[in-house]
S.K.: 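After the structure tokens below, expect a handful of questions from me.
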Amino acid sequence: MPHKSVRLLLCRPQAGLTDILSQIGKCLRYADKFNRTVIVEMNFKGAVHFRDDFSHYFISHDPHLILTSKNIASKFDQLSAYPPHFSGRINSYKTKYDVSVESTVEVESEQVPSFSFKRDYSEPLLLHHAGGGGIDNVEFAVRRLSV
């Protein structure tokens, strides 16, 4: 049984490097505010764009920013997650881009695999799987990385 104090944010950014860094920065801002550790996972089953460990290209200078899921991915499905629809299915859901909502959605349910960045959650694992985002958060992410 996972320890109750586990507070993770699984960030699965999509698209090009600017969008990836933007989504990581967005997750880091949230994690700072609500005391979470961000795990960046780029090579999960069903990844469309990058498909490699981010740790092969960057080094994190923040203990609350982990750039590979290699040592923990097998535990994701054992954790209670938000959105709750993804609990027990973090490692197996499939996505598509839905132009009507301009977002990545799960194929089966058409739910967006993310959460509100304005509130805290009690679940040990939050899922954020998205692309886009512009440049607002890129610098915030880059300040915690080096090559």
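Quick note: numbers below take in every heavy atom, side chains included, and nothing from hydrogens, waters or symmetry partners.
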S.K.: Kindly compute the distance separating CG (L21) from CD (E139), expressed to the nearest 0.5 Å.
M.R.: 11.5 Å

S.K.: Apply the test side chain to side chain contact (heavy atoms under 4.5 Å, CB included) to residues K75 and V6: give CA-CA distance (whole Å), side-chain angles for both, the deciding distance (0.1 Å), then the verdict.
M.R.: CA-CA 12 Å; K75 306 284 187 213; V6 171; over 6 Å; no

S.K.: Find out if a path of hydrophobic residues (ILVMFWY) with successive side-chain heavy-atom gaps under 4.5 Å connects L65 to Y57.
M.R.: yes

S.K.: To the nearest 0.5 Å, what is the distance between CG (N91) and OG (S74)?
M.R.: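 Rounded to the nearest 0.5 Å, the CG-OG separation comes to 8.0 Å.
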
S.K.: Do L9 and I20 belong together in a cluster built from hydrophobic side chains that touch within less than 4.5 Å?
M.R.: yes

S.K.: Under 3.5 Å, is there a donor on one side chain and an acceptor on the other for D62 and S60?
M.R.: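 Not at all, the side chains of D62 and S60 share no donor-acceptor pair under 3.5 Å.
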
S.K.: Is there a chain of hydrophobic side chains (I, L, V, M, F, W, Y, each step under 4.5 Å between heavy atoms) that links L28 to L10?
M.R.: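 No, L28 does not connect to L10 through the hydrophobic network.
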
S.K.: Drop me the distance from F76's CZ to S92's OG, to the nearest 0.5 angstrom.
M.R.: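 These two atoms lie 13.0 Å from each other.
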
S.K.: So which pairs with a foot in residues 10-39 pass salt bridge (charged side-chain N to carboxylate O under 4.0 Å, His left out), sequence neighbours left out?
M.R.: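 Qualifying pairs: R12-E41, D32-R144.
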
S.K.: If you compare all heavy atoms of Q23 against all heavy atoms of P13, which two are closest, and at what distance to 0.1 Å?
M.R.: CB-CB, 3.7 Å

S.K.: Taking the side chain as C-beta and beyond, is there a heavy-atom pair between Y82 and S87 under 4.5 Å?
M.R.: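 No - every pair of side-chain heavy atoms lies 4.5 Å or more apart.
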
S.K.: Do L127 and Y93 have side chains that get closer than 4.5 Å, going by heavy atoms?
M.R.: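 They are in contact (side-chain heavy atoms under 4.5 Å apart), so the answer is yes.
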
S.K.: So do the side chains of R89 and E108 get within less than 4.5 Å of each other, counting heavy atoms only?
M.R.: yes

S.K.: Do L67 and L145 have side-chain heavy atoms sitting under 4.5 Å apart?
M.R.: yes

S.K.: Tell me, with the steps shown, if E102 and Y97 meet side chain to side chain contact (heavy atoms under 4.5 Å, CB included).
M.R.: CA-CA 7 Å; E102 296 182 352; Y97 187 80; 3.5 Å; yes

S.K.: Going from OG1 on T37 to CG on L8, what distance comes out if it is rounded to the nearest 0.5 angstrom?
M.R.: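 CG of L8 is found 6.0 Å from OG1 of T37.
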
S.K.: Please test T18 against V138 for side chain to side chain contact (heavy atoms under 4.5 Å, CB included), starting from the C-alpha separation and ending with a verdict.
M.R.: CA-CA 7 Å; T18 300; V138 172; 3.9 Å; yes

S.K.: Heavy-atom distance under 4.5 Å between the side chains of T104 and V112, does that happen here?
M.R.: no

S.K.: Give a yes or no on whether F86 and V107 share a hydrophobic cluster (residues Ile, Leu, Val, Met, Phe, Trp, Tyr; joining criterion: side-chain heavy atoms under 4.5 Å apart).
M.R.: no

S.K.: Distance from L126 atom CG to H128 atom NE2, nearest 0.5 Å?
M.R.: 11.0 Å

S.K.: Under 6.0 Å between ring centres, would you say that holds for F44 and F50?
M.R.: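 Ring centres of F50 and F44 not closer than 6.0 Å.
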
S.K.: Is any side-chain heavy atom of D53 less than 4.5 Å from a side-chain heavy atom of K70?
M.R.: yes

S.K.: Give, for atom CD1 of I39 and atom SG of C27, the distance between the pair rounded to the nearest 0.5 Å.
M.R.: 11.5 Å

S.K.: Counting neighbours of CD1 on I135 that are heavy atoms of other residues, nucleotides or ligands and sit closer than 6.0 Å, is the number greater than 12?
M.R.: no

S.K.: Is there side-chain contact between L125 and I90, with at least one heavy-atom pair below 4.5 Å?
M.R.: yes

S.K.: Is it true that the side chains of H129 and S114 contain a donor and an acceptor less than 3.5 Å apart?
M.R.: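 Judged by distance alone, the side chains do not pair up.
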
S.K.: Identify the two heavy atoms, one from S80 and one from P124, that lie closest to each other, and give their separation to 0.1 Å.
M.R.: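 Residues S80 and P124, closest heavy atoms: O-CD, 3.2 Å.
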
S.K.: Verify side chain to side chain contact (heavy atoms under 4.5 Å, CB included) between F140 and S22, making sure each step is shown before the conclusion.
M.R.: CA-CA 8 Å; F140 194 77; S22 179; over 6 Å; no

S.K.: Does any non-hydrogen side-chain atom of H85 lie less than 4.5 Å from one of E106?
M.R.: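 Result yes, sub-4.5 Å side-chain heavy-atom pair found.
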
S.K.: Which residue pairs satisfy the ring-ring contact (aromatic ring centres under 6.0 Å, His included) criterion with at least one member in residues 13-40, sequence neighbours excluded?
M.R.: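 Every ring-ring contact (aromatic ring centres under 6.0 Å, His included) pair that includes a residue of residues 13-40, provided the two are not neighbours, is Y30-F34, Y30-F115, Y30-F117.
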
S.K.: Less than 3.5 Å apart, any donor N or O on the side chain of N43 or D52 sitting next to an acceptor on the other?
M.R.: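 Absent: no donor and acceptor within the cut-off.
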
S.K.: Is it the case that atom NZ in K96 sees more than 12 heavy atoms from other parts of the structure closer than 6.0 Å?
M.R.: yes

S.K.: If hydrophobic clusters are built from ILVMFWY residues whose side chains come within less than 4.5 Å, do V142 and F58 share one?
M.R.: yes

